[in-house]
Amino acid sequence: MPFRKSRRNRNEFIPVKDRNPFFYLEHAKVEVDGDCLIFHQMNLDTKVPEVIPFPLATYQAVFFGPGISITHRAMALLASAGTHVIFTGDHLFVYYGNASISTHSSKNLMRQIELFSDSEKKMEVIRRMYRYRFPDTKITDKGLQAFLGMEGNRMTAIYKKEAKRTGVAWNGRSYDINDMDSSTPVNYALSIANHALYGVCASAEVALGYSTAIGFIHHGHMNAFTYDIADLYKDETTIPAAFEAVRDSKEHEDSDALRKRVHQYCHEYFHRARLLKRIPKDIAMLFDLDEEMQEQEILSTQIEVGDGLFHPYATNYGRKKP
C-alpha cells in the first residue's frame with residue numbers, strides 16, 4: 001500500500017532555519033512510494049531487508065555515500081522539497097557532486113556578486129567575518145594576511161584547549177586526503193566532522209540562492225564561500241565533536257564506528273548551536289541584508305525586466321493578433 005500522499009505549495013516548505021542539518025545514507029535503494037521517499041536497506045543486525053520512510057522535507061541536506069541506487073522520481077521529489085542532495089565517497093571524505101536546489105530569484109546571488117566585485121565592499125565583508133570571530137577585538141584596516149595570522153593563532157589555541165579538555169593527544173592538524181586511514185584518530189574525526197559541516201553550509205547557501213564558489217577569504221574552489229561560512233562555526237561544533245568522539249572511542253574500535261559517533265556528535269552540536277537558524281541570519285549580517293527579505297527572495301514568482309518593474313513569469317509581450 002502506498003504511503004499517504006500530500007501536496008505542498010512552495011510557500012508551505014519548511015524554511016532553512018527550521019530544518020534538521022543533514023542525513024547520511026549508504027548501501028541502500030532510494031525510491032518513491034506515493035509521495036513519500038523510502039529507503040530499502042539491509043538491517044545489519046537482523047540481516048532482514050527493511051523499508052524506511054524518510055521525512056525529506058525536514059532535512060536541509062542528504063549525503064549519499066557508496067552503494068546508493070536512486071530513481072529519477074526520487075531525485076525529483078527531493079528537489080521539489082528543497083532538500084539538497086550531495087554525493088560523497090565513503091565517510092564523506094570525497095565530494096563527487098550535488099543536485100542544487102532550484103530557487104526562483106537571483107537577487108541574493110546578485111548581491112553576493114556586487115560585494116565580491118567591489119574591492120572596498122569585499123574587504124568590509126571580510127572584516128565582518130573576523131569581527132564575528134573576534135568580538136572583543138577591534139578589527140581595524142589591517143590587510144587579509146594580518147587577519148589570517150590572527151585566525152591561525154586562534155585555531156592553534158582552540159585545538160590545544162580541546163585536547164586538554166578531552167585528554168586526547170594532539171600533535172597538529174595533518175592528513176592525506178588520498179590515505180585517510182594513515183591519519184591519527186583525531187585528525188580522521190576532524191575531517192569527517194568538517195565535511196559534514198561543509199555540506200550543511202553549502203546546502204543552506206544554495207537554498208538561499210547564493211553561489212558556493214564566490215568566496216571572500218577563500219578563492220579558486222567551487223566551495224570557496226562554503227569554507228568562508230563554515231569557518232565561522234568550527235570552534236563550537238566540529239572541533240569539540242571530533243575530540244569528544246575520539247575520547248569516547250573503545251579500544252581497537254574500527255574507523256566505521258568512529259565515523260558514526262562523529263556524525264552523531266555533529267548532529268548534537270549542530271542542533272545545540274542552532275546552526276541552520278544562524279546561517280541565514282549571519283549571511284544577511286555579512287551582506288548587510290534584511291534576513292526576512294533574504295529568505296523571501298527564494299520564493300519570488302516574478303521577474304524583473306528592463307523597465308525596472310516586476311512581472312509574472314511566462315508573460316508574452318508580443319503584439320496581440322487583431
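Sequential numbering from 1 along the given sequence is applied to the chain's residues.
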Ring centres under 6.0 angstrom apart (Y210, F287): yes
Audit row: D235, E162, side-chain contact (heavy atoms from CB on, under 4.5 Å) steps and yes/no: CA-CA 9 Å; D235 62 323; E162 284 301 313; over 6 Å; no
side-chain contact (heavy atoms from CB on, under 4.5 Å) assessment of Y188 paired with S255: CA-CA 9 Å; Y188 180 90; S255 60; 3.1 Å; yes
Basic-acidic side-chain contact under 4.0 Å: R127, E124: yes
Heavy-atom closest contact (S249 atom, L258 atom, distance): OG-CD1, 3.7 Å
Check: H195 side chain, S191 main-chain N or O, donor-acceptor pair, under 3.5 Å: yes
Euclidean distance, I283 CD1 relative to L289 CG, rounded to 0.5 Å: 10.0 Å
Results of salt bridge (Lys or Arg N to Asp or Glu O under 4.0 Å) for K164 - residues two or more places apart only: none
By side chain to side chain contact (heavy atoms under 4.5 Å, CB included) - contacts of T46 (at least two apart): N43, V48
Gap between atom CG of L276 and atom NZ of K281 - 0.5 Å precision: 14.5 Å
Contact check, side chains of F63 and L25, non-hydrogen atoms, under 4.5 Å: no
P280 and L208, any side-chain heavy atoms less than 4.5 Å apart: yes
Pairs involving residues 238-250, ordered by first then second residue, that meet salt bridge (Lys or Arg N to Asp or Glu O under 4.0 Å) (sequence neighbours left out): R165-E244
Least distance between heavy atoms, A224 atom then A213 atom: CB-O, 3.6 Å
Check: S174 main-chain N/O paired with N187 side-chain donor or acceptor under 3.5 Å: yes
Transitive ILVMFWY side-chain link Y198 to Y24, under 4.5 Å: no
Interatomic distance, I279 atom CD1 to L232 atom CG [nearest 0.5 angstrom]: 9.0 Å
Pairwise side-chain contact, Y233 with D282, heavy-atom cut-off 4.5 Å (strictly under): yes
Test side chain to side chain contact (heavy atoms under 4.5 Å, CB included) applied to E151 - qualifying residues, sequence neighbours left out: Y130, R133, F134, R154, M155
All side chain to side chain donor-acceptor pair (under 3.5 Å) counterparts of R278, not counting sequence neighbours: Y132, E236
Partners meeting salt bridge (Lys or Arg N to Asp or Glu O under 4.0 Å) with K29 (sequence neighbours left out): E31
side-chain contact (heavy atoms from CB on, under 4.5 Å) between I126 and L144, worked out: CA-CA 8 Å; I126 292 172; L144 179 57; 4.0 Å; yes
With Y269 via ring-ring contact (aromatic ring centres under 6.0 Å, His included) - residues at least two apart: none
Heavy-atom neighbours of M222 CE exceed 12 at 6.0 Å: no
From CA spacing to verdict: side-chain contact (heavy atoms from CB on, under 4.5 Å), H27, I68: CA-CA 5 Å; H27 298 102; I68 287 294; over 6 Å; no
Which atom of I229 lies closest to which atom of C201, heavy atoms considered: CG2-SG, 4.1 Å
Test salt bridge (Lys or Arg N to Asp or Glu O under 4.0 Å) applied to R173 - qualifying residues, sequence neighbours left out: none
Spatial distance of atom CZ (F54) from atom CD1 (I52) [nearest 0.5 Å]: 10.5 Å
Non-hydrogen atoms of A273 and T237 that approach each other most closely: CB-CG2, 3.9 Å
Residue pair T166 / V246, side-chain heavy-atom distance below 4.5 Å: no
Shared hydrophobic cluster, L37 / I70 (ILVMFWY, side-chain heavy atoms < 4.5 Å): yes
Hydrophobic cluster identity match, V168 and V262, side-chain contacts under 4.5 Å: yes
Residues in salt bridge (Lys or Arg N to Asp or Glu O under 4.0 Å) contact with E253, at least two apart in sequence or another chain: R261
Side chain to side chain donor-acceptor pair (under 3.5 Å) involving Y159 - partner list, sequence neighbours excluded: none
Which residues share a side chain to side chain contact (heavy atoms under 4.5 Å, CB included) with I113, sequence neighbours left out: L109, I214
Plane angle bin for F23 and Y59 - parallel if under 30°, tilted between 30 and 60°, otherwise perpendicular: perpendicular
T83 side chain to A79 backbone, donor-acceptor under 3.5 Å: no
Shortest non-hydrogen contact between A193 and C266, atoms and distance: CB-SG, 3.5 Å
Test item: F147 and M123 side chains (from C-beta on) under 4.5 Å apart, heavy atoms: yes
Interatomic spacing from CD in E114 to CE in M110 - rounded to 0.5 Å: 9.0 Å
Beyond-backbone contact of R111 with D288, side-chain heavy atoms, under 4.5 angstrom: yes
Min side-chain heavy-atom separation I158-K161 under 4.5 Å: no
Which residues share a side chain to side chain contact (heavy atoms under 4.5 Å, CB included) with H219, sequence neighbours left out: F116, K122
E205/T226 under side-chain hydrogen bond (donor to acceptor under 3.5 Å, both in side chains): CA gap, chis, key distance, verdict: CA-CA 8 Å; E205 290 163 2; T226 297; 3.0 Å; yes
Heavy-atom check, side chain of F216 versus side chain of K121, under 4.5 Å: no
Hphob cluster co-occupancy, Y265 + F243, side-chain heavy atoms under 4.5 angstrom: no
Nearest-0.5 Å distance that lies between atom CD in Q41 and atom CD in E26: 8.0 Å
Donor on one side chain, acceptor on other, T238 and N194, under 3.5 Å: yes
Cluster check F64, M42: I/L/V/M/F/W/Y, side chain < 4.5 angstrom: no
Ring geometry between H218 and Y227 (parallel below 30°, tilted from 30 to 60°, perpendicular above 60°): perpendicular
